[in-house]
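Below, chains carry the letters A, B, ... as their sequence lines are ordered, and counting in each starts from 1.
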2 protein chains.
Amino acid sequence: MTAGYDPYAFEPFAVTVDLAVFTVRAGALHVLLIRRGQEPYAGAWALPGGFVLPRESAETAARRELAEETGLPEQLVAALHLEQLRTYSEPDRDPRMRVVSVAFTALVPDLPEPAAEGGGDAAHARWLAVEDVSELAFDHAVILADARERIGAKLEYTCLATGFCPPEFTLGELQSVYETVWNAGLDRPNFRRKVLATPGFVEAVPGAARLTGGRGKPAALYRPGPATTLHPPLLRPEGTTR
Amino acid sequence: MTAGYDPYAFEPFAVTVDLAVFTVRAGALHVLLIRRGQEPYAGAWALPGGFVLPRESAETAARRELAEETGLPEQLVAALHLEQLRTYSEPDRDPRMRVVSVAFTALVPDLPEPAAEGGGDAAHARWLAVEDVSELAFDHAVILADARERIGAKLEYTCLATGFCPPEFTLGELQSVYETVWNAGLDRPNFRRKVLATPGFVEAVPGAARLTGGRGKPAALYRPGPATTLHPPLLRPEGTTR
DNA sequence: CCAAAAGTGTTCGTGTTACACCCATGA
DNA sequence: TCATGGGTGTAACACGAACACTTTTGG
């Protein structure tokens with residue numbers, strides 16, 4: 001902070017946000033992507049995002065862009081837990097000009113068809129299974145990989161997993177979130193005890209139960225609790241790199 | 001990424017880096033600060049940092065600014081492990097113009113008097129005990145608090161603590177790093193076993209030993225090992241918020 | 001011989017793992 | 001009555017917490 005402060009002393013930087021929004025659908029981790037309509041990378045998939053406006057923080061911009069570019073319900077976007085991932089600032093990450101991008105991650109429940117409704121930008125938003133994502137515009141493949149690694153790690157020591165679930169969920173659904181993100185099987189009795197033994201992770205919905213697979217015993221329903229961290233952590237099994 | 005790309009369409013953003021560089025001296029956590037010479041906040045303490053140049057990444061800029069603004073040895077700065085903390089982008093965090101800052105943290109060993117040598121900017125750099133830091137320029141107090149929380153958490157599940165130690169160190173020195181950062185006492189036998197049981201955390205220096213407190217049995221010396229993560233983690237005792 | 005710091009051993013309790021088993025529901 | 005998924009019980013084991021004890025140095 002020693003240099004002078006002439007706003008026009010340097011070639012201007014653009015500051016953008018990029019969002020890696022995940023959901024769990026049909027036993028696979030999905031990410032929300034946008035089909036680009038213009039060069040560069042026209043026709044390629046990209047993470048939703050856009051410019052930070054002069055009077056916005058990056059967090060505010062992220063929320064606004066998410067509402068504008070995707071068809072996610074306003075209410076969901078407003079309440080969403082956005083987490084800063086990191087900032088990407090390599091000089092040539094955008095071929096046109098200097099763009100520094102603040103990346104965020106968010107987790108949402110499996111919505112009916114969240115991206116298909118709204119017009120305009122939202123029409124080009126789709127959920128894609130992360131395993132099927134091949135090429136992405138700019139350095140978005142790197143951002144996606146970093147985001148995926150981060151949420152996998154975060155499930156170990158935070159209560160974020162409930163963010164993937166609907167407002168009321170069964171322990172089986174919660175477990176399948178872990179299994180999907182980690183791509184690993186967990187022992188059901190032990191998972192159950194672990195979750196219930198952590199105060200504030202989930203709260204029982206009194207008397208409520210729901211059938212899940214169509215068959216079997218109806219499962220008790222739970223709501224997210226007030227806790228945010230998991231002590232002691234719920235460690236994933238050995239090799240879950242992929 | 002849907003808007004057009006006129007570099008001058010918006011009021012320009014300045015992009016800066018800020019650095020929270022920590023060390024452990026005399027049983028207290030210290031942070032490297034700069035005395036500001038100009039308005040705003042002239043005379044106040046601030047984190048070292050500065051503008052990202054047009055052809056630099058934030059990481060490169062952080063390393064350059066650290067070498068320029070502080071008296072830290074070139075070799076140390078070049079080899080230093082810099083970790084991105086997060087990006088601060090509130091519109092009014094700098095009263096003069098829009099400044100988005102990417103914050104980094106780094107850990108260095110207790111150097112003789114690292115900040116006192118070089119001329120110019122470096123002359124205003126000093127180590128201050130974090131407990132004694134009261135007011136900082138801009139939002140740097142928030143950044144410092146976030147950085148402190150982050151390194152405390154990182155010690156739990158990474159091998160970063162060796163970054164606070166000289167090239168060869170005793171287990172007692174390593175333990176005092178944990179105790180200082182966490183502000184908590186640890187059981188020496190258990191700490192010792194835990195560290196030695198983690199493959200690649202530390203490597204014994206064969207035959208080497210050194211006296212630490214002037215008295216007592218000479219302690220074996222260790223070097224940092226190749227491992228970067230700690231599985232299972234070394235959890236800190238309950239209340240270490242302060 | 002005492003203080004101080006390093007290093008070893010041992011016990012005890014908690015939490016995780018791995019499994020066997022019972023319960024409720026739809027086909 | 002069988003398959004399916006929810007839920008309970010329990011023994012074996014690994015790990016961490018706590019603390020007693022030995023070793024090696026300087027004063």
Side-chain angles (χ1 to χ4, degrees), chain A residues 26-27 155-157 165 168-180 182 184-199 201-222 227 229-240, chain B residues 26-27 155-157 165 168-180 182 184-199 201-222 230-240:
Chain A
L155 288 200
E156 288 194 332
Y157 58 96
C165 297
E168 296 189 345
F169 53 88
T170 70
L171 292 184
E173 289 165 350
L174 185 62
Q175 181 177 347
S176 76
V177 164
Y178 277 88
E179 293 178 327
T180 301
W182 288 349
L186 301 175
D187 183 85
R188 189 158 36 78
N190 294 334
F191 178 84
R192 169 184 198 78
R193 267 188 292 266
K194 178 77 187 174
V195 170
L196 295 179
T198 304
F201 190 178
V202 297
E203 287 173 351
V205 179
R210 192 211 314 151
L211 277 172
T212 46
R215 274 206 283 286
K217 184 176 178 176
L221 289 176
Y222 295 86
T229 56
L230 219 48
H231 272 300
L234 178 49
L235 299 171
R236 54 185 147 177
E238 292 312 304
T240 40
Chain B
L155 289 201
E156 289 194 330
Y157 58 96
C165 297
E168 295 189 345
F169 52 87
T170 69
L171 293 184
E173 289 165 350
L174 185 63
Q175 181 177 346
S176 77
V177 164
Y178 277 88
E179 293 179 328
T180 301
W182 287 348
L186 300 176
D187 183 84
R188 191 157 36 79
N190 293 334
F191 178 82
R192 169 185 197 78
R193 268 187 292 267
K194 178 77 187 175
V195 170
L196 294 179
T198 304
F201 190 177
V202 298
E203 287 173 351
V205 180
R210 191 207 321 147
L211 277 172
T212 46
R215 275 208 282 284
K217 186 175 176 175
L221 289 175
Y222 295 85
L230 220 47
H231 273 300
L234 178 49
L235 299 172
R236 55 185 146 178
E238 292 313 303
T240 42

Enquirer: Can you tell me if B:Arg192 touches the phosphate of C:dT8, counting only side-chain N or O atoms and a distance under 4.0 Å to OP1 or OP2?
Expert: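 Answer is yes, contact under 4.0 Å.
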Enquirer: Would you compute the distance between atom CG of A:Leu186 and atom CZ of A:Arg236 and round it to the nearest 0.5 angstrom?
Expert: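 Going from CG on A:Leu186 over to CZ on A:Arg236, the span is 11.5 Å.
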Enquirer: With rounding to the nearest 0.5 angstrom, report the CG to CH2 distance, B:Leu234 to B:Trp182.
Expert: 4.5 Å
Enquirer: Write out a two-atom table: protein N or O, nucleotide N or O from nucleotides 24-27 of chain D, distance below 3.5 Å.
Expert:
unit_1, atom_1, unit_2, atom_2, d
D:dT24, O2, B:Lys217, N, 3.2
D:dT25, O2, B:Gly216, N, 3.3

Enquirer: In this structure, how many angstroms lie between the P atom of C:dA5 and the CD atom of B:Glu179, rounded?
Expert: 12 Å
Enquirer: Let me confirm one number: the CG-CG distance from B:Leu155 to B:Leu235, rounded to the nearest 0.5 Å.
Expert: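 Here the interatomic distance stands at 12.0 Å.
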Enquirer: Tell me which pairs pass salt bridge (charged side-chain N to carboxylate O under 4.0 Å, His left out) where either residue lies in residues 184-198 of chain A, with sequence neighbours left out.
Expert: none
Enquirer: Could you check whether A:Ala197 gets within reach of a base, just the sugar-phosphate, or nothing at all, counting any heavy atom under 4.0 Å?
Expert: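 No contact at all - A:Ala197 keeps every heavy atom at 4.0 Å or more from the nucleic acid.
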Enquirer: Just how far, in rounded Å, is C1' of C:dC19 from CG of A:Leu186?
Expert: 16 Å
Enquirer: Starting at atom CG of B:Leu196, determine the distance to atom C1' of D:dC15, rounded to an integer number of angstrom.
Expert: 16 Å
Enquirer: Quick test: give all pairs of protein nitrogen or oxygen and nucleotides 10-15 of chain C nitrogen or oxygen below 3.5 Å, distance rounded to 0.1 Å.
Expert:
unit_1, atom_1, unit_2, atom_2, d
C:dT10, O4, B:Arg193, NH2, 3.4

Enquirer: Using whole Å, what does the distance between atom C1' of nucleotide D:dT23 and atom CG of B:Leu171 come to?
Expert: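 From B:Leu171 CG to D:dT23 C1': 16 Å.
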Enquirer: Output the rounded distance in Å from CZ (A:Arg210) to P (C:dA24).
Expert: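 Rounded to the whole Å, the gap is 20 Å.
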Enquirer: What integer distance in Å separates B:Gln175:CD from C:dA6:P?
Expert: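 That distance rounds to 8 Å.
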Enquirer: What side-chain donor-acceptor pairs closer than 3.5 Å can you find for residues 207-214 of chain A, not counting sequence neighbours?
Expert:
unit_1, atom_1, unit_2, atom_2, d
A:Arg210, NH1, A:Glu173, OE2, 2.5
A:Arg210, NH2, A:Glu168, O, 3.0

Enquirer: Please round to the nearest 0.5 Å and tell me the distance separating atom CD of A:Gln175 and atom OG1 of A:Thr180.
Expert: 10.0 Å
Enquirer: Using the rule given for side-chain contact (heavy atoms from CB on, under 4.5 Å), can you reason through A:Leu174 versus A:Tyr222, listing the C-alpha separation, both sets of side-chain angles and the distance that settles it, and then say yes or no?
Expert: CA-CA 10 Å; A:Leu174 185 62; A:Tyr222 295 86; over 6 Å; no
Enquirer: Using the test ring-ring contact (aromatic ring centres under 6.0 Å, His included), find all partners of A:Phe191 that sit at least two apart in sequence or belong to another chain.
Expert: A:Tyr178
Enquirer: Protein-nucleotides 12-14 of chain D N/O pairs closer than 3.5 Å?
Expert:
none

Enquirer: Remember a base hit wins even if backbone is also touched, and classify B:Ala209 as base, sugar-phosphate or nothing at under 4.0 Å, heavy atoms.
Expert: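 No contact at all - B:Ala209 keeps every heavy atom at 4.0 Å or more from the nucleic acid.
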Enquirer: Looking only at N and O atoms, is any donor in the side chain of B:Arg188 or the base of C:dG7 less than 3.5 Å from an acceptor on the other one?
Expert: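 Between C:dG7 and B:Arg188, which were checked side chain against base, a qualifying N/O pair under 3.5 Å is present.
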Enquirer: Check the distance between C:dA5's C1' and B:Asp187's CG and give it to me in whole angstrom.
Expert: 14 Å
Enquirer: If I compare all heavy atoms of B:Ala184 with all of B:Pro237, which pair ends up nearest, and what's the gap?
Expert: CB-CG, 4.0 Å
Enquirer: Separation of A:Leu174 atom CG from D:dG6 atom P, in whole Å?
Expert: 12 Å
